[in-house]
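Here the structure is laid out as structure tokens; the discussion comes afterwards.
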Amino acid sequence: MSQSHILIVDDEPDIRNLISEILTDEGYQVSVADGGNNANQQLQEITPDLVLLDIWMPDIDGISLLKSWNQGHRMPFSVVMMSGHGTIETAIEATKMGARDFVEKPISLAKLLQTIEQTLANQSQDQAPPSASETWQILEPIGSSRAAQELRDCIEKLGKTNNNTCFIGDSGSGKLTLALWLHQLRHHEQHSAAIIDSLTLDDASMDTELEAAFQQITHHNDSGSVILTNVDCLTENLQNKLLIHLKQWQKPHQNNTIQLLTTTQQDLKVLVNNGEFDRELYDFVAEFPVAVSALSERSEDVPELLNFYVNFLPDQEQTPYRKISFAAQNHLRNYAWPGNLRELKNLVRQLQLQPGDAEIQLEEVKELLLQTEAAQSKSSHNTRYDLELRDAREEFERDYFLHHLQQTEGKVGDVAKISGMERTNLYRKLRALNINFKNTDKS
């Protein structure tokens with residue numbers, strides 16, 4: 001009987017106790033932690049074979065824990081994320097940061113046990129974490145439109161330079177993928193890049209994260225990239241810290257060359273003019289700004305993108321292979337795509353996972369779009385008393401901010417006054433709730 005040691009990290013006692021009892025009955029050695037701080041304390045004394053890690057916890061979120069554990073890609077144990085409704089995309093992204101797999105809540109015990117067995121089996125075959133080339137999906141911009149071609153040409157030219165580059169575009173438009181591609185063109189060795197999400201940073205973790213990124217890159221090479229997403233959500237204090245590190249990295253006498261690649265949903269020049277983004281930091285960050293078009297602005301690329309993901313997802317995620325009919329593609333070509341490339345990819349995945357193995361027809365596409373619209377409408381207008389308090393609060397906050405954004409015609413400054421929040425913190429909250437807002441905030 002297996003004696004592998006598993007650490008369960010979850011702030012919900014019912015889940016911890018249930019999983020602990022099941023795994024103990026299965027013959028595993030089990031430890032439990034009620035949050036991130038408790039987990040870190042235990043890891044000073046034990047080295048488990050596998051950690052079951054919840055994403056949302058009140059003290060330290062699971063993504064931040066995963067990043068801190070996997071500094072330098074030398075994590076001594078495997079991690080399986082536990083993801084509640086609405087955080088599946090986050091869990092998938094976590095696999096790019098070092099997690100081996102994820103399980104969705106409410107947890108299927110059969111699925112959980114199978115995932116644990118497979119993860120431990122793979123770990124025994126290969127103790128080393130997956131390399132960057134195996135976990136990152138480096139994709140060139142797909143499409144034959146003029147916008148896609150100009151973007152490819154731009155990135156290829158930038159690949160021959162060392163300019164700090166800022167990608168500007170709506171949520172889900174593929175900014176991080178472009179940053180990864182640019183890094184690959186410049187450095188080829190993907191482990192010489194570190195990815196940091198500004199939304200996970202606070203005053204306590206900022207210096208640690210940036211120093212770890214610097215050490216990771218210089219350990220492997222004299223040059224590389226720090227990829228900082230959602231840079232427009234940095235608070236004033238975090239902006240100051242970033243500027244200090246940038247000046248240290250780029251001292252003339254140092255041999256290493258580290259480029260900063262950033263992503264933003266807002267025009268940083270507007271934030272500078274509004275006094276929300278440091279002028280000197282802007283000059284460092286946006287030596288070359290790259291505008292990334294929304295999918296609605298290049299609708300002629302939709303059929304090509306659909307066909308790409310029809311083939312890509314079965315290879316990468318083992319979804320069933322199902323083609324999309326011409327009529328269905330034509331309908332989706334005229335769809336607005338508010339979630340951009342991320343929404344298109346998710347839609348293809350959902351269609352492939354629908355019952356049946358025949359070609360995806362127009363009616364199936366229409367029905368799924370109607371279901372999605374109905375679910376969003378219900379979520380926006382009805383209080384969900386069946387949800388846990390944390391999820392219900394998140395739904396209320398999303399509804400609250402969407403209402404006031406509509407009332408103020410997207411003026412984030414006005415919403416900040418109404419809500420009593422500092423504007424930069426409001427931007428972070430909107431991004432965390434996955435709310436798109438206008439880039440042209442004129443308030």
Side-chain angles (χ1 to χ4, degrees), residues 136-188 190 193 195 224-232 259-273 277 282-313 324 329-330 332-348 431 436-441:
W136 290 358
Q137 295 171 354
I138 308 296
L139 303 174
E140 298 181 21
I142 297 163
S144 303
S145 67
R146 180 176 179 180
Q149 184 58 55
E150 289 179 348
L151 188 57
R152 282 192 293 270
D153 292 344
C154 176
I155 303 300
E156 287 172 353
K157 290 177 181 177
L158 282 170
K160 301 174 183 178
T161 75
N162 289 324
N163 295 113
N164 292 335
T165 304
C166 182
F167 295 91
I168 309 162
D170 291 343
S171 175
S173 56
K175 302 183 295 295
L176 175 57
T177 301
L178 291 170
L180 290 171
W181 184 42
L182 175 56
H183 169 78
Q184 185 189 48
L185 291 175
R186 287 174 170 175
H187 302 286
H188 304 294
Q190 296 167 25
I195 304 174
S225 309
V226 171
I227 302 174
L228 185 63
T229 62
N230 298 307
V231 68
D232 51 323
Q259 293 96 45
L260 182 67
L261 309 180
T262 55
T263 73
T264 172
Q265 288 186 33
Q266 303 173 84
D267 188 337
L268 295 183
K269 289 186 291 186
V270 174
L271 298 186
V272 169
N273 292 335
F277 201 87
Y282 171 78
D283 290 335
F284 268 97
V285 166
E287 289 180 343
F288 197 96
V290 176
V292 183
S293 300
L295 186 52
S296 60
E297 297 172 4
R298 54 186 188 103
S299 58
E300 61 266 45
D301 290 334
V302 168
E304 192 170 344
L305 285 161
L306 290 170
N307 286 314
F308 171 80
Y309 283 111
V310 158
N311 293 281
F312 178 83
L313 291 174
I324 301 178
Q329 290 184 42
N330 189 53
L332 291 171
R333 189 179 187 275
N334 297 294
Y335 177 62
W337 298 111
N340 291 292
L341 295 175
R342 184 185 297 123
E343 182 182 6
L344 184 144
K345 180 180 178 180
N346 289 342
L347 182 71
V348 173
R431 196 70 51 82
N436 285 324
F437 44 89
K438 300 292 186 181
N439 291 347
T440 54
D441 174 19

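Start at 1 with the first residue, then count along the sequence. Keep in mind that what you see is a predicted model, and the values were worked out from it rather than measured. Quick note: numbers below take in every heavy atom, side chains included, and nothing from hydrogens, waters or symmetry partners.
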task = Give a yes or no answer on whether the side chain of Lys175 reaches the backbone of Thr264 with a donor-acceptor pair at less than 3.5 Å.
result = no
Closest non-hydrogen contact found for Asn162 with Glu287 is O-OE1, 4.4 Å
Heavy-atom nearest pair, Ser293 first then Ala147, reads OG-CB, 3.9 Å
Hits for salt bridge (charged side-chain N to carboxylate O under 4.0 Å, His left out) against Arg152, two or more places apart or cross-chain, chain-then-number order -> none
Here the gap from Ile142 atom CD1 to Thr177 atom OG1, rounded to the nearest 0.5 Å, amounts to 9.0 Å
Smallest heavy-atom separation, Ala179 atom then Ile227 atom, equals CB-CG2, 4.0 Å
Checklist entry - Is any side-chain heavy atom of Arg342 closer than 4.5 Å to a side-chain heavy atom of Asn340? => result no
dist Leu151:CG -> Ile155:CD1 (nearest 0.5 Å) comes out at 5.0 Å
query = Is a side-chain donor or acceptor of Asn164 paired with a backbone partner of Ala286 at a separation under 3.5 angstrom?
reply = no
Heavy atoms of Asn334 and Asn330 approach each other most closely as ND2-O, 2.9 Å
Original post:
What do the steps show when you test Lys345 against Leu313 for side chain to side chain contact (heavy atoms under 4.5 Å, CB included), and what is the final call?
Top reply: CA-CA 9 Å; Lys345 180 180 178 180; Leu313 291 174; 3.9 Å; yes
- Item | Test side chain to side chain contact (heavy atoms under 4.5 Å, CB included) applied to Leu260 and Ser225, step by step | CA-CA 6 Å; Leu260 182 67; Ser225 309; over 6 Å; no
_Within the 4.5 Å heavy-atom criterion, are Pro141 and Leu178 side-chain neighbours or not?_
yes
| request: Classify the ring geometry between Trp337 and Tyr335 as parallel (under 30°), tilted (30 to 60°) or perpendicular (over 60°). | output: perpendicular
Open item on the list: Show, in sequence, the C-alpha distance, side-chain angles and deciding distance for Arg186 and Lys160, and conclude whether the side chain to side chain contact (heavy atoms under 4.5 Å, CB included) test is met.
Closed with: CA-CA 7 Å; Arg186 287 174 170 175; Lys160 301 174 183 178; over 6 Å; no
(request) Look only at the side chain of Thr263 and the backbone of Asn230, and say whether a donor-acceptor pair between them is shorter than 3.5 Å. (result) yes
Residues at least two apart in sequence or cross-chain that pass side-chain hydrogen bond (donor to acceptor under 3.5 Å, both in side chains) with Asp283, listed by chain then number, are none
* Asked: Is there a side-chain contact between Thr262 and Phe167, using heavy atoms and a 4.5 Å cut-off?
  -> no
When you compare the side chain of Lys157 with that of Thr161, does any pair of heavy atoms fall below 4.5 Å?
no
So CG of Leu295 and CG of Asp170: to nearest 0.5 Å the spacing works out to 10.5 Å
Interatomic distance, CG@Leu176 vs CG@Leu228, rounded to 0.5 Å, equals 11.0 Å
### Message
Between Asn163 and Gln259, is there a side-chain heavy-atom distance shorter than 4.5 Å?
### Response
no
* Heavy-atom side-chain proximity of Cys166 to Ile168 below 4.5 angstrom -> yes
Quiz item: Within the side chain of Gln329, is there an N or O that forms a donor-acceptor pair under 3.5 Å with the backbone of Ile324?
Solution: yes
Rounded to the nearest 0.5 angstrom, the CG-CH2 distance for Leu261 and Trp181 is 13.5 Å
> Should Cys154 and Phe288 be marked as a side chain to side chain contact (heavy atoms under 4.5 Å, CB included) after you check the CA-CA gap, both sets of side-chain angles, and the distance that decides it?
Replying inline: CA-CA 10 Å; Cys154 176; Phe288 197 96; 3.8 Å; yes
Can you find a heavy atom in the side chain of Leu347 that is under 4.5 Å from one in the side chain of Tyr309?
no
Using side-chain heavy atoms (C-beta onward) and a distance below 4.5 Å, is Leu158 in contact with Val290?
yes
For residues 291-305, the salt bridge (charged side-chain N to carboxylate O under 4.0 Å, His left out) pairs (sequence neighbours left out) are Arg298-Asp301
Rounded to the nearest 0.5 angstrom, the CG-CZ distance for Leu268 and Phe277 is 5.0 Å
